[in-house]
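Only one structure is covered here, and it is reproduced in the block below.
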Amino acid sequence: MLYYLFEYLDKTLDVPGTGVFQYITFRSALALMLSLLLSTIYGKRIIRFLQRQQVGETVRELGLAGQNEKAGTPTMGGLIIIFATLVPVILFAKLHNIYIVLLIVTTLWMGTIGFIDDYIKIFKKDKEGLKGIFKVVGQVGLGLIVGTVLYFSPAVTVRTDTSTSDIFKVSTETVITPAPVEEKSTATTIPFFKNNEFDYAELLAWTGEGYEKWAWLIFIPVVIFIITAVSNGANLTDGIDGLAAGTSAISVLALGIFTFVSGNIIFSNYLNIMYIPNSGEMTVFIAAFVGSLIGFLWYNSYPASVFMGDTGSLTIGGIIAVLAIAVRKEMLIPLLCGIFLVENLSVVLQVSYFKYTKKRFGEGRRIFLMSPLHHHYQKKGYHESKIVTRFWIVAIMLAILSIVTLKLR
């Protein structure tokens with residue numbers, strides 16, 4: 001909202017200094033600072049409200065050290081993250097930008113699913129919460145919306161010809177060159193490869209001429225799968241104090257770099273990467289989101305004063321997935337979100353191996369002492385803080401390696 005006010009003051013009334021709001025970097029800095037303030041200052045009030053409403057965590061007996069001390073700790077802390085993200089975005093972002101609209105819808109959509117799940121667990125005294133099938137339906141619904149908009153909206157275009165641009169050349173001659181072509185495309189980026197654009201439509205090339213118009217049959221299911229997988233991965237990672245919020249902040253910071261360079265014609269030209277018009281505006285959202293996650297860590301670090309619950313974890317996963325898809329870096333998710341991946345895999349492997357050995361030997365056996373993976377290390381006697389810190393270090397390494405893919409091909 002403030003963006004439109006200052007745009008009016010600059011262009012209509014010519015008020016000095018108001019033009020600074022045109023810069024994404026300036027608005028991102030304001031969004032980051034405001035989200036930090038909101039999450040740290042008003043976060044305490046939200047925690048007190050949750051305590052008054054007796055929104056306390058019911059801890060299942062898993063035989064983990066320090067587990068019983070967590071009983072009664074307020075949950076639904078994801079409300080802090082959602083509140084501290086959306087307020088700066090509404091104030092400082094271009095609300096007509098298609099990517100910003102999608103991210104706001106994602107935040108509210110996944111936040112609602114998570115809130116319903118937490119509500120059932122707490123107030124209905126049902127430890128299972130929202131049935132898995134309904135969660136999946138909600139995730140698929142969001143995937144349909146995001147995939148459909150990204151595929152069919154005329155506001156979503158790309159340019160893959162930045163390497164041939166004359167943006168850096170100085171010439172004394174008057175040369176008429178064709179305007180850069182911005183086109184609808186289902187192209188994405190394959191990390192570590194030169195000429196690394198891959199078009200999902202190519203998977204239908206065998207059907208013959210005109211196959212491009214059916215690319216949505218591939219693209220939309222891929223979007224649905226990614227959103228479902230990443231949101232569930234974030235949900236599984238939310239198991240000990242500060243783990244999900246910290247690793248997510250690191251991953252989102254890396255995505256912020258991708259978003260900024262992909263939405264800037266100069267940087268995309270220099271790096272020879274896909275230019276995505278108007279995507280740079282997502283940097284404002286990312287700044288607000290990172291600020292809210294870091295501010296949430298003020299209360300969620302060990303020993304936690306509040307848990308994010310599914311309200312937060314599902315929202316975090318959904319936002320990361322949509323950001324990666326929008327900036328055409330979804331194939332980097334296994335690397336960038338490696339912590340989510342191994343947490344997911346640890347559960348899949350544990351359950352699969354247990355069922356297999358029970359069927360074959362009559363007795364279920366385990367690969368890990370407990371899954372997800374962070375509980376395995378707890379069972380081995382590692383303190384929560386040590387586990388979280390080491391997971392953060394791994395997340396930083398994965399984020400740096402992901403960023404390096406901009407030039408390492």
Side-chain angles (χ1 to χ4, degrees), residues 24 28 32 99 103 106 146 150 158 160 162 187-198 200 222-223 225-234 236-237 243-264 267-276 279-280 282-291 293-294 297 313 316-346 373 388-409:
I24 290 175
S28 297
L32 177 63
Y99 298 107
L103 287 168
T106 298
V146 173
L150 290 178
V158 302
T160 59
T162 57
T188 189
T189 303
I190 304 176
F192 300 112
F193 284 89
K194 251 185 177 177
N195 303 318
N196 59 345
E197 277 81 31
F198 168 75
Y200 290 113
V222 167
V223 171
F225 173 76
I226 292 170
I227 289 176
T228 303
V230 178
S231 58
N232 285 329
L236 288 172
T237 305
L243 180 58
T247 53
S248 298
I250 294 165
S251 298
V252 174
L253 270 173
L255 280 171
I257 294 173
F258 286 121
T259 300
F260 184 73
V261 298
S262 296
N264 185 296
F267 285 118
S268 59
N269 182 287
Y270 173 73
L271 294 168
N272 190 21
I273 61 174
M274 190 187 304
Y275 170 56
I276 309 173
S279 65
M282 289 189 288
T283 310
V284 180
F285 185 98
I286 288 171
F289 189 42
V290 170
L293 288 171
I294 295 173
L297 275 173
S313 60
I316 287 172
I319 290 173
I320 290 175
V322 173
L323 283 171
I325 294 165
V327 83
R328 313 297 171 110
K329 294 293 183 291
E330 64 268 27
M331 290 191 181
L332 263 179
I333 287 177
L335 178 63
L336 180 61
C337 300
I339 298 297
F340 293 174
L341 178 63
V342 297
E343 295 277 44
N344 250 328
L345 282 177
S346 67
L373 188 60
V388 170
T389 302
R390 289 183 175 178
F391 272 52
W392 285 0
I393 292 171
V394 173
I396 291 170
M397 293 168 62
L398 294 174
I400 292 172
L401 185 56
S402 299
I403 295 168
V404 167
T405 62
L406 285 169
K407 292 303 288 182
L408 184 62
R409 303 176 192 170

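Computation of the quantities below employed the complete heavy-atom set of this structure, encompassing side-chain atoms and omitting hydrogens, waters and symmetry-equivalent molecules. Just so you know, residue 1 is the first one in the sequence shown, and it goes up from there.
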Is there a side-chain contact between Val223 and Tyr200 (heavy atoms, below 4.5 Å)?
-> no

From CD1 (Ile273) to NZ (Lys329), nearest 0.5 Å | 5.0 Å

Is the closest side-chain heavy-atom distance between Phe192 and Leu335 below 4.5 Å?
-> yes

Hey, could you give me the OG/CG distance between Ser248 and Leu253, rounded to the nearest 0.5 Å?
-> 11.0 Å

For side-chain contact (heavy atoms from CB on, under 4.5 Å), just list the numbers for Phe391 and Thr237, CA-CA rounded to whole Å, side-chain angles, deciding distance to a tenth of an Å, and then say yes or no.
-> CA-CA 10 Å; Phe391 272 52; Thr237 305; 5.8 Å; no

Can you check side-chain contact (heavy atoms from CB on, under 4.5 Å) on Ile24 and Asn264, steps first, answer last?
-> CA-CA 10 Å; Ile24 290 175; Asn264 185 296; over 6 Å; no

Classify the ring geometry between Phe285 and Phe289 as parallel (under 30°), tilted (30 to 60°) or perpendicular (over 60°).
-> tilted

Working to the nearest 0.5 Å, report the span between OG1 of Thr405 and CD1 of Ile190.
-> 12.5 Å

Side chain to side chain, Ile316 and Leu293, heavy atoms closer than 4.5 Å | yes

Does any non-hydrogen side-chain atom of Met274 lie less than 4.5 Å from one of Ser262?
-> no

Side-chain heavy atoms of Leu398 within contact of Ile250, under 4.5 Å | no

Can you see which heavy atom on Asn344 is nearest to which on Asn232, and at what distance?
-> ND2-C, 4.3 Å

Is the closest side-chain heavy-atom distance between Phe258 and Leu332 below 4.5 Å?
-> yes

Roughly how far, to the nearest 0.5 Å, is CZ of Arg390 from CD1 of Ile393?
-> 7.5 Å

Side chain of Glu343, backbone of Ala234: donor and acceptor closer than 3.5 Å?
-> no

Donor-acceptor pair, side chain of Ser231 and main chain of Thr228, under 3.5 angstrom = yes

Within 6.0 Å of CZ in Phe225, more than 12 heavy atoms from elsewhere = no

Closest heavy-atom contact between Ala254 and Leu336?
-> CB-CD1, 3.5 Å

How many angstroms lie between CZ in Phe340 and CD1 in Ile320, if you round to the nearest 0.5 Å?
-> 4.0 Å

Work out which heavy atom in Gly317 is nearest to a heavy atom in Val230; give both atom names and the distance.
-> O-CG1, 3.3 Å

Are the side chain of Thr259 and the backbone of Thr283 linked by a donor-acceptor contact shorter than 3.5 Å?
-> no

Over all heavy atoms of both residues, which pair between Ile339 and Ala395 is shortest? Give the atoms and the distance, please.
-> CG1-CB, 4.2 Å

side-chain contact (heavy atoms from CB on, under 4.5 Å) assessment of Leu243 paired with Thr247 = CA-CA 6 Å; Leu243 180 58; Thr247 53; 4.1 Å; yes

Distance (rounded to the nearest 0.5 Å) between Ile319 CD1 and Leu103 CG = 7.0 Å

Between Gly246 and Trp392, the two heavy atoms sitting closest are CA-NE1, 3.4 Å

